[in-house]
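These notes are about the structure you will find just below.
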There are 2 protein chains.
Amino acid sequence: MVTISDIAKSLGITPSTVSRALSGSPRVKESTRKAVEKAAERMGYERDEAASSLRRGRAKVVGIIVPRINREFFSNVIGGAESVLDNYGYSAIICQSHENTSDEIKALKTLRSNRVAGVLISHAIESTNGAHILENIDQGTILVQFDRVFSSIPGPKIISDNFRGAYEGTRHLIEQGYKKIGIIAGYMSSEAYAARLAGYKQALSDMGMEIDDEIIFYGSIVQKGGYEAGNIAIDKGCDAIFSTGDYTALGALQAAKERGLRVPEDFGIVGTADERFSALITPSLSSMAQHPYEMGRRAAQAFITSLKPEAKVGEVVVPMDLIARQSSTRTTI
Amino acid sequence: MVTISDIAKSLGITPSTVSRALSGSPRVKESTRKAVEKAAERMGYERDEAASSLRRGRAKVVGIIVPRINREFFSNVIGGAESVLDNYGYSAIICQSHENTSDEIKALKTLRSNRVAGVLISHAIESTNGAHILENIDQGTILVQFDRVFSSIPGPKIISDNFRGAYEGTRHLIEQGYKKIGIIAGYMSSEAYAARLAGYKQALSDMGMEIDDEIIFYGSIVQKGGYEAGNIAIDKGCDAIFSTGDYTALGALQAAKERGLRVPEDFGIVGTADERFSALITPSLSSMAQHPYEMGRRAAQAFITSLKPEAKVGEVVVPMDLIARQSSTRTTI
DNA sequence: GGATATTGTGCAATCGTTTGTATTTTTGCG
DNA sequence: CGCAAAAATACAAACGATTGCACAATATCC
């Protein structure tokens with residue numbers, strides 16, 4: 001492995017100058033910088049990140065903590081984040097919380113041990129507040145929250161426009177003529193889900209419709225939960241459902257089909273997140289698209305920006321767009 | 001940040017003993033080890049990975065290079081690998097090649113710069129041989145290949161039983177009574193795809209059917225390519241297609257539907273990889289399931305095993321299972 | 001032209017952990 | 001009890017890059 005000392009020797013200068021030249025310090029002459037760069041190139045020099053991290057106290061690495069990596073949404077966020085981090089010479093260590101707080105803490109400890117410069121996190125659904133986050137991250141580390149955030153934790157937050165998204169999705173159902181619209185709402189400990197429920201309610205009341213607590217389904221955010229909620233919704237006389245997730249929407253769709261309801265004629269469905277399968281199933285599922293790749297880019301960008309102590313990023317809101325497909329589009333009515 | 005020196009001081013011993021105690025060296029007395037562990041716990045010690053990496057010349061990190069992280073298959077491999085690495089105190093740095101060689105090289109350089117202990121890689125489709133891999137990885141780094149491997153590169157390889165899988169998938173179609181079965185074969189520069197084509201051919205010839213080069217479709221492994229291949233296959237009189245990927249199978253399904261063919265009655269389809277959407281679309285898509293999570297676990301396990309210089313892992317073959325769904329199941333014939 | 005800025009380099013310490021070798025302590029045994 | 005062997009610990013030198021401070025070289029000004 002070639003080191004800066006090797007380069008220094010070959011040029012008859014000292015390691016300090018080489019280091020400064022390579023890191024673009026204004027304290028070296030243009031000509032020496034060129035010479036150093038050429039020598040580094042020629043000799044195949046690659047910075048030893050471990051040594052660099054040790055000396056600087058920070059690694060050129062950011063940790064990304066997500067509930068699960070194999071979720072379309074999160075893997076795209078990661079992809080987006082990496083595309084930005086790459087340009088700035090940062091690597092990413094990916095950690096999964098598997099939706100539970102203890103794994104989240106474990107991940108934070110690993111990252112702290114690695115002296116990461118920043119952490120991008122979307123909270124585990126089990127975490128109801130951010131206390132454990134603040135305890136397990138040290139002062140200098142930049143914390144960026146995305147998607148599932150706690151407003152009690154300061155710092156940049158990249159979120160979807162959950163309120164607006166749910167509002168639009170619900171309004172769309174109303175405009176399609178559905179009369180009794182339930183919602184699969186998720187967990188209220190999550191601000192994202194709470195905002196969606198609020199948007200749903202606002203849409204109903206703006207359009208002069210009644211809000212009925214009986215057809216608000218809290219809890220499970222997986223397909224099975226959606227299936228159960230869908231069945232109850234149908235029992236209660238709903239003719240449509242807005243769901244805060246596509247898996248739950250899929251469950252509701254399954255319930256509707258089993259009960260012999262035609263979708264969208266008899267029963268309308270709009271989900272959230274625009275999972276890959278949503279466009280592919282029959283009937284295709286309408287969904288409020290988030291923009292995970294873009295959110296990842298924004299999160300990484302927020303980290304980069306925050307590296308300068310003066311510049312502070314606040315909340316970045318990424319829009320949600322209605323992708324109207326078959327499950328909610330009554331062509332003739 | 002508390003260091004081993006702090007612990008040493010508080011116990012009236014030296015850092016070297018603390019280091020050895022914490023790393024489980026047999027050279028420290030049981031009682032001191034206990035004392036050190038307790039002090040470390042009490043003082044909230046966490047090893048500085050950067051310092052450790054620098055001194056040892058190796059980081060407790062493995063790099064995972066995949067074409068794309070947002071592919072169901074790869075994100076599950078990563079999940080599996082992490083589940084194992086975690087138990088051994090290793091972290092993972094994830095890199096994407098975006099299917100091209102230059103990004104693959106870039107990733108290798110980043111990883112080398114980070115002195116990773118190992119690299120788990122599934123090659124970019126653009127890479128037709130492993131020369132650039134060997135050039136950009138240093139001697140001591142353990143290289144484990146999975147899924148898309150080059151047999152020219154020595155070391156552990158975790159692969160699906162591609163030959164057998166394609167063989168079974170094809171045989172299934174034959175047994176369902178399809179008479180002219182095409183194949184969407186992918187790129188022959190990939191050994192995985194080549195093996196699948198071979199399995200397909202073997203199945204045909206074992207079952208006394210003719211192999212027709214006209215209905216072997218090379219190239220594109222995305223939906224559009226499948227769509228085009230599907231159309232040509234139909235033109236050529238095929239009544240079924242075996243596809244080496246689910247996205248291409250989806251394209252073929254789309255083509256069949258557009259041409260007014262009923263699936264599976266008039267046209268049978270079996271894909272490969274069992275993507276999430278495959279079970280959800282209509283008709284549901286039969287597919288040769290790989291076991292990505294398991295492959296990830298095996299790859300990580302191979303790395304761990306290879307840490308001991310004596311133990312060498314060779315080739316690990318993970319079976320592929322036929323998931324027969326609607327697209328290939330003629331209930332009445 | 002000489003004193004003072006300005007710019008470019010060198011010196012040397014440091015980050016925290018690991019590990020080969022030296023030294024001390026303990027143990028076992030005649 | 002004394003001595004050798006074994007066990008436990010201490011010492012000190014790395015690993016490679018960074019950076020505050022000192023110093024040298026050059027430019028600038030009156």
Side-chain angles (χ1 to χ4, degrees), chain A residues 1-37 39-40 43-61 89 109 112-117 138-141 307, chain B residues 1-37 39-40 43-61 89 110 112-117 138 140 307:
Chain A
M1 290 284 88
V2 20
T3 71
I4 54 170
S5 305
D6 298 334
I7 298 179
K9 249 173 245 156
S10 92
L11 293 176
I13 57 178
T14 56
S16 24
T17 304
V18 175
S19 172
R20 280 191 262 260
L22 291 174
S23 67
S25 154
R27 280 172 56 185
V28 300
K29 221 191 321 185
E30 190 55 25
S31 61
T32 49
R33 180 201 316 296
K34 285 269 169 59
V36 168
E37 276 163 2
M43 303 172 70
Y45 171 77
E46 274 163 6
R47 169 195 280 109
D48 184 322
E49 294 296 343
S52 176
S53 303
L54 171 59
R55 176 57 231 245
R56 300 185 318 141
R58 293 265 151 223
K60 278 215 134 189
V61 172
K109 286 188 170 160
R112 178 164 57 187
S113 229
N114 280 285
R115 304 284 185 269
V116 296
D138 66 18
Q139 204 45 44
T141 308
L307 285 171
Chain B
M1 291 283 88
V2 19
T3 71
I4 53 171
S5 304
D6 297 335
I7 298 178
K9 247 173 245 157
S10 93
L11 294 177
I13 57 178
T14 58
S16 29
T17 304
V18 175
S19 172
R20 280 192 257 260
L22 291 175
S23 67
S25 153
R27 279 172 56 183
V28 300
K29 220 191 324 182
E30 189 55 25
S31 61
T32 51
R33 180 200 317 294
K34 284 270 169 58
V36 168
E37 274 163 4
M43 303 171 70
Y45 170 77
E46 274 163 7
R47 169 194 280 110
D48 185 322
E49 294 296 343
S52 176
S53 305
L54 172 58
R55 177 56 231 243
R56 301 184 317 142
R58 293 264 151 224
K60 278 213 134 190
V61 172
T110 301
R112 179 164 55 185
S113 227
N114 280 285
R115 304 284 185 270
V116 296
D138 66 19
L307 284 171

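Letters A, B, ... mirror the listed sequences (proteins, then strands); counts begin at 1.
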> Across the strands shown, which category fits B:S19 at heavy-atom distances under 4.0 angstrom: base, sugar-phosphate, nothing?
Replying inline: base
> Is there a donor in the side chain of A:T141 and an acceptor in the side chain of A:R115, or the other way round, less than 3.5 Å apart?
Replying inline: no
> Who pairs with A:R27 by side chain to side chain donor-acceptor pair (under 3.5 Å), at least two apart in sequence or on another chain?
Replying inline: none
> Under the side chain to side chain donor-acceptor pair (under 3.5 Å) test, which residues partner B:R47, sequence neighbours left out?
Replying inline: none
>> Strictly below 4.0 Å, N to O, side chains only: are A:E37 and A:K34 in salt-bridge contact?
In response: no
>> Within the 4.0 Å limit for protein heavy atoms, which parts of nucleotides 8-13 of chain C are touched? Write it as a string from 5' to 3', B for base, S for sugar-phosphate only, - for none.
In response: BBBB-B
>> Between B:T3 and B:D48, is the side chain to side chain contact (heavy atoms under 4.5 Å, CB included) condition met? List the steps.
In response: CA-CA 8 Å; B:T3 71; B:D48 185 322; over 6 Å; no
[N] [atom2] sits how many Å from [X] [atom1], rounded?
{"X": "B:I4", "N": "C:dC15", "atom1": "CD1", "atom2": "P", "value": "13 Å"}
{"X": "B:R58", "N": "C:dT19", "atom1": "CZ", "atom2": "C1'", "value": "18 Å"}
{"X": "B:D48", "N": "C:dG16", "atom1": "CG", "atom2": "P", "value": "7 Å"}
{"X": "B:M1", "N": "C:dG16", "atom1": "CE", "atom2": "C1'", "value": "12 Å"}
{"X": "B:R56", "N": "C:dT19", "atom1": "CZ", "atom2": "C1'", "value": "12 Å"}

>> Could you report the tightest heavy-atom contact between B:N114 and A:E49, atom names first, then the distance?
In response: OD1-CB, 3.5 Å
> Distance from B:S10 atom OG to B:M43 atom CE, nearest 0.5 Å?
Replying inline: 4.5 Å
> When rounded to the nearest 0.5 angstrom, what distance separates CZ in A:R56 from OG in A:S53?
Replying inline: 6.0 Å
Check residues 17-24 of chain A and write down every donor-acceptor pair under 3.5 Å in which the side-chain atom is one partner and the other belongs to a residue at least two apart or another chain.
from: A:T17; atom 1: OG1; to: A:T14; atom 2: OG1; distance (Å): 3.4
from: A:S23; atom 1: OG; to: A:S19; atom 2: O; distance (Å): 3.2
from: A:S23; atom 1: OG; to: A:R20; atom 2: O; distance (Å): 3.4

> Between the axis at one end of the helix from C:dG1-D:dC30 to C:dG30-D:dC1 and the axis at the other (five pairs apiece), what's the angle to 10 degrees?
Replying inline: 40°
> How would you give the extent of chain B contacts on DNA chain D, as first and last nucleotide 5' to 3' within a 4.0 Å heavy-atom cut-off?
Replying inline: D:dA8 to D:dG16
>> Would B:V36 and B:I13 count as a side chain to side chain contact (heavy atoms under 4.5 Å, CB included) here? Give the steps.
In response: CA-CA 10 Å; B:V36 168; B:I13 57 178; 4.0 Å; yes
> Where the side chain of A:R58 meets the backbone of A:V116, is there a donor-acceptor pair that is under 3.5 Å apart?
Replying inline: yes
